[in-house]
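Working notes, structure below.
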There are 2 protein chains.
Amino acid sequence: MARQSDTRARIQAVARELFAAQGVRETSLRQISDRLGLTKPALYYHFASREDLVRSIVQPMVDDLERFVAAREKTPARDAAGRRLLLEDYFELMWRHREVTVMVVRDLSTLADLDLTERMFDWRRRLTALLFGPEISAAQQIRATVALGGMSDCTVEYAHLPLEQVKDTAVEAAAAALGPATTP
Amino acid sequence: MARQSDTRARIQAVARELFAAQGVRETSLRQISDRLGLTKPALYYHFASREDLVRSIVQPMVDDLERFVAAREKTPARDAAGRRLLLEDYFELMWRHREVTVMVVRDLSTLADLDLTERMFDWRRRLTALLFGPEISAAQQIRATVALGGMSDCTVEYAHLPLEQVKDTAVEAAAAALGPATTP
DNA sequence: GTCTATAAATAGATAGAC
DNA sequence: GTCTATCTATTTATAGAC
């Protein structure tokens, strides 16, 4: 069972690269098939539709995010150390999926097309609750936006650098933006 | 000289709204003309092309940003108070243009189409220099990304709220992300 | 200034041969 | 699995009448 469909994975790799580089909406199936030396109908053998291809590329990040948030909710730790660890691991998650992050941030309509906008906001809300507790004030929500959004911007803007050159400072800045942690 | 072309402004208003709500690339000229009770060719009387319409909507923010950065470079003030003031005024600028900010953030390819990507990065670089001085370390650049990017995210995410409910906390969080200021 | 009509290009998608 | 050929829909943009 070495490989079931090497071509399927190659299509995804090329599509992901083009989507991140020039935008999802700006990339046609023709561009993808040309780059692979295939024709458009060949793509339809591996994917039911264009949307199916896009979804298959975004899905691994979605699954990872859902698992990540659900796991942390089982053992919340809102002191300074726990908060720090959450920011670190969240940064690494986005970093692992940074090509998809770039692609989604570059064209946010992608999320809407896949009906993921609501879920995205839900993850943000749950992450904020993990940082500040179940009762979230308006000020805390704003601070979480700066912290989490700022880290996300870093994964996109410095996607070409090694992780070690970005992570520590980005997490440090995000933690500072959150303000003092509640004592356990 | 009451109004030279009321229709031109109405086209821009409808286009800006649709662009921000559903994306620039996702909005056709037909949708815009329908909403106004006009036909597509009528739009071409007021704008040379689709790109000309988009540019005319983004241009005021571009001009404002260029003026803002150029003015601050004449009287740099990198102590805590000066840095704070810069963040406040920059936030208010983005807030004034938040409908365009939403529209651009939602579809970043818009900037590329208008050849504004380079200029955007240049403004970021100059703002970072105003915050940290002409010699910018990698860590300072990352902190500036969290601070400025985080504030930008706030203008988008809380665009529907009153300014007073967002500005102070967003600026506070951004200032914290920057770290301690250099003494004057 | 706005219309009707239409050109020209391109997209996603399918039929059927091999 | 991949191809050629084609369908259908939509887009930006223009010509020319009113």
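In what follows, every chain begins at residue 1, and chains take the letters A, B, ... in the order their sequences are listed.
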Quiz prompt | Position toward the 5' end of DNA chain C (nearest nucleotide), P41(A) or S28(A) | solution = S28(A)

Quiz item: Is any side-chain N of the basic residue among E66(A) and R126(A) closer than 4.0 Å to the acidic one's carboxylate O?
Solution: yes

Practice problem: Starting at atom CG of L29(A), determine the distance to atom C1' of dA13(C), rounded to an integer number of angstrom. | Solution: 9 Å

Quiz item: Would one find a side-chain N or O of T27(A) under 4.0 angstrom from OP1 or OP2 of dA11(C)?
Solution: no

Exercise. Look at R25(A) together with D107(B) and state whether they make a salt bridge at an N to O cut-off of under 4.0 Å.
Key: no

Quiz prompt | Under-4.0 Å side-chain N/O to phosphate OP1/OP2 contact, Y45(A) with dG1(D) | solution = yes

Practice problem: Rounded to the nearest angstrom, tell me the gap between atom CG in D113(B) and atom P in dT12(D). | Solution: 12 Å

Quiz item: Taking OP1 and OP2 of dT14(D), is either one under 4.0 Å from a side-chain nitrogen or oxygen of S49(B)?
Solution: no

Quiz item: Is it true that D64(A) and R67(A) have a side-chain N and a carboxylate O under 4.0 angstrom from each other?
Solution: yes

Quiz prompt | Interatomic distance, R30(A) CZ vs dT6(D) C1' [rounded to whole Å] | solution = 16 Å

Practice problem: Quickly work out the L38(A) CG to dT2(D) P distance and round it to whole Å. | Solution: 6 Å

Quiz item: Charged N to carboxylate O under 4.0 angstrom, D122(B) versus R125(B)?
Solution: yes

Quiz item: Tell me: CZ of R50(A) to C1' of dT10(C), nearest whole Å?
Solution: 13 Å

Quiz item: dT14(C) P sits how many Å from D52(A) CG, rounded?
Solution: 12 Å

Exercise. Round to a whole Å and report the spacing from CZ of R10(B) to P of dG1(C).
Key: 12 Å

Quiz item: OP1 or OP2 of dA13(D) sitting under 4.0 Å from any side-chain N/O of Y44(B)?
Solution: yes

Quiz item: When the distance from CZ of F47(A) to C1' of dG1(D) is rounded to whole Å, what number comes out?
Solution: 14 Å

